[in-house]
Amino acid sequence: MTETLRLDSANGQLAGFRIGVTSDRRSGDLIDALERRGASVFHAPALKIAPIAEDVDLLSDTAAMVGARPDLFVITTAYGMRRWFEAADAAGLGDDLLEIMGSGRIYVRGPKARGAVRAAGLDDVGISSDETTATLVDQLLQQDLAGLTIGVQLHAYADAHQLERLRAAGATLLTVTPYRWIKPEGAERLPRLIDAVCAGQLDCVTFTSAPAVDALFSTAAEQGLQDELVRRFQRSVLAAAVGPVTAQPLIDAGIRPIVPDRFRMGALIRLVCDHLAEHHVEQLRTRAGYVEVRGRSVRVDEVQVDLAPAQLVLFKALLSARGAVLSRDALTSLLAHTGAGHALDMNVNRLRKSLPDPQLVETVVKRGYRLHV
C-alpha cells in the first residue's frame, strides 16, 4: 500500500486535494505548481505588500541610516535588500546607502540574502547556519557590541526579542522595513477560506509569512470561529509554513505545521506533496470492496464517488474510525459548520444513496453509525 502511494506521488500527486493559499506576492507561482500536480486551489490572500511610493517611513529611516553610518548591518531577506535599494535609488540615496554599507560589516540571515548583498556589489562577513535571525544574533553576541551602531533590515514581521538581545548587549539599533503589510484586493475571500477550513472542505493551507497567519487568526476571531479554526488545524487540516518565522504564530496557537528543511517555495511544495500522500490518504478494505479517500476524491472498488461537502465530512470521519462506531453527537458536531448540523439522518441517507453499496454505512441502534468492514 505504501509503495502505491509513492507511485501516485510521482504523477498527479495532489489529485483530489483542495489546498488554501494565503500569500499575495508570488502566489501565482505557488498556485500554478499546486495545480500542475492536480490540486484544487482556494486562493485567499491575507495581506499584501504596500507600494514603495506610499512608504514615507522607509525613506526617512534610510536617510537616518545613511546619517548614522552603522558599524554593522544585518540583512534578513533578499527581497527586502533589493526593495530597500530600489527605494533608496528612487529617492537619490542609493549611492550613499551603498557607500555606508561598503564601509561596515554585513551579516546575512541566509543564502538568498547573501546573493542580494553580492548582487549589489557588496560582501558579507557572516551568515546564519540555519537561516534564522536568532542564530545570527547568537553569532553577533560572540563579539563585544557595546557602543556599536547596528543597522537592521527587517522583514515585515520584526522579531522584537532578537532586537532586544542586541540592545541589551549595548548596541544602538537603527531599523528599516522595506516592505509593510496591508489588506489586499479580494480580502473578502479570507473569511470564506476560514469557513471552508471549519467546514472540513480544505485539506491543507499554506503560509509564506507570519503576518498572514496573524491576519487569518484575527479575521477568524471577528467571525467567532478562531477556536474552531485552531481545532480543525490540530485535528484534520494540514498547516504548511515556508519557514520557522512563519510557523511560530501557528505553534503559539497550539498548531503543529510542517516546515521544510530548506526555507524555499519549491521545498514547501515537495513537502506538502509528500505529507498529504503519506498521511492524508485513507484506505480500507470493507464489505463493499477497497475504499480510498484522497482529499476530495472518493473511490469504492475503483468506482469514483461524488459526494457533497457534508456527506464527504461524514464519510471521511467514518473511514478514519475504521469500523468503530461514531456517536450521533460526534457526527452532528462535524456537520455543524457545513450548515447541515440539524439534519444528520438526511445527510446519512444522501451519503448511502451516493455509494455503490448503501449498506456500507451501517446504523448501530441507539449508538450511532459505522462503516461495515
Side-chain angles (χ1 to χ4, degrees), residues 49 52 55-89 91 93-181 209-211 214 243-249 252 263:
I49 295 172
I52 286 179
D55 204 336
V56 177
D57 289 343
L58 174 57
L59 299 180
S60 62
D61 290 343
T62 300
M65 194 88 70
V66 168
R69 302 185 67 86
D71 305 286
L72 305 177
F73 292 89
V74 174
I75 304 300
T76 60
T77 65
Y79 180 72
M81 175 71 177
R82 291 193 299 269
R83 190 175 170 93
W84 188 13
F85 268 84
E86 179 184 342
D89 285 338
L93 294 172
D95 290 341
D96 293 334
L97 180 59
L98 188 64
E99 192 271 325
I100 65 159
M101 289 190 70
S103 64
R105 287 175 287 157
I106 302 174
Y107 292 80
V108 297
R109 197 179 63 162
K112 292 173 71 175
R114 168 176 279 173
V117 166
R118 292 182 177 177
L122 302 167
D123 205 354
D124 64 89
V125 298
I127 186 171
S128 169
S129 60
D130 59 0
E131 301 185 45
T132 66
T133 305
T135 299
L136 191 58
V137 170
D138 289 341
Q139 185 177 341
L140 288 171
L141 290 176
Q142 291 176 9
Q143 55 189 288
D144 184 7
L145 301 180
L148 298 184
T149 299
I150 302 177
V152 183
Q153 175 256 310
L154 302 176
H155 50 90
Y157 191 71
D159 189 334
H161 174 63
Q162 302 308 327
L163 298 182
E164 190 53 42
R165 291 176 68 197
L166 294 174
R167 292 191 183 98
T172 298
L173 262 59
L174 294 175
T175 62
V176 61
T177 306
Y179 48 99
R180 294 180 299 106
W181 300 104
S209 74
D214 291 338
V245 173
T246 300
Q248 194 57 54
D252 291 344
F263 314 141

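Both backbone and side-chain heavy atoms feed into the values below; hydrogens, waters and symmetry mates do not.
Exactly one residue among Thr76, Leu136, Val137 makes a side-chain contact (heavy atoms from CB on, under 4.5 Å) with Tyr107. That residue is Leu136. A side chain to side chain donor-acceptor pair (under 3.5 Å) with Thr77 holds for exactly one of Lys112, Arg83, Arg109, Gln153; it is Gln153.
A donor-acceptor pair shorter than 3.5 Å can be found between the side chains of Asp252 and Gln248.
Atom CG of Asp130 is surrounded by more than 12 heavy atoms from other residues, nucleotides or ligands within 6.0 Å.
To the nearest 0.5 Å, atoms CG (Leu163) and OG1 (Thr133) are separated by 8.5 Å. Here the CG-CD distance, from Leu72 to Gln143, works out to 5.5 Å after rounding to the nearest 0.5 Å. The distance from atom CG of Leu145 to atom CZ of Arg165, rounded to the nearest 0.5 Å, is 10.5 Å. With values rounded to the nearest 0.5 angstrom, Thr135 atom OG1 is found 11.0 Å from Leu140 atom CG. The line from CG of Leu154 to OG1 of Thr175 is 5.0 Å long, rounded to the nearest 0.5 Å.
In plain terms, the two heavy atoms of Asp89 and Gly94 that are nearest each other are OD1-CA, 3.0 Å. Here the shortest heavy-atom pairing between Phe73 and Met65 reads CE2-CG, 4.2 Å. The minimum heavy-atom distance linking Pro70 with Ile150 is given by the pair CB-C, 4.2 Å.
In this structure, Leu58 and Thr177 have side chains that are not in contact, with every pair of non-hydrogen atoms separated by 4.5 Å or more. No side-chain heavy atom of Leu174 sits less than 4.5 Å from a side-chain heavy atom of Asp61. Contact annotation: the side chain of Ile75 approaches that of Trp84 to within less than 4.5 Å [non-hydrogen atoms, C-beta and beyond]. Looking at heavy atoms from C-beta onward, Val66 lies out of side-chain contact with Met101 at the 4.5 angstrom threshold.
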Pair Asp96-Ile100, side chain to side chain contact (heavy atoms under 4.5 Å, CB included): steps then yes or no = CA-CA 6 Å; Asp96 293 334; Ile100 65 159; 5.6 Å; no
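Scanning for side chain to side chain contact (heavy atoms under 4.5 Å, CB included) contacts around Asp124 gives Ile106, Val108, Arg114, Arg118, with sequence neighbours left out. Legend: residues meeting side chain to side chain donor-acceptor pair (under 3.5 Å) with Glu99, ordered by chain and number and at least two apart, are Arg69.
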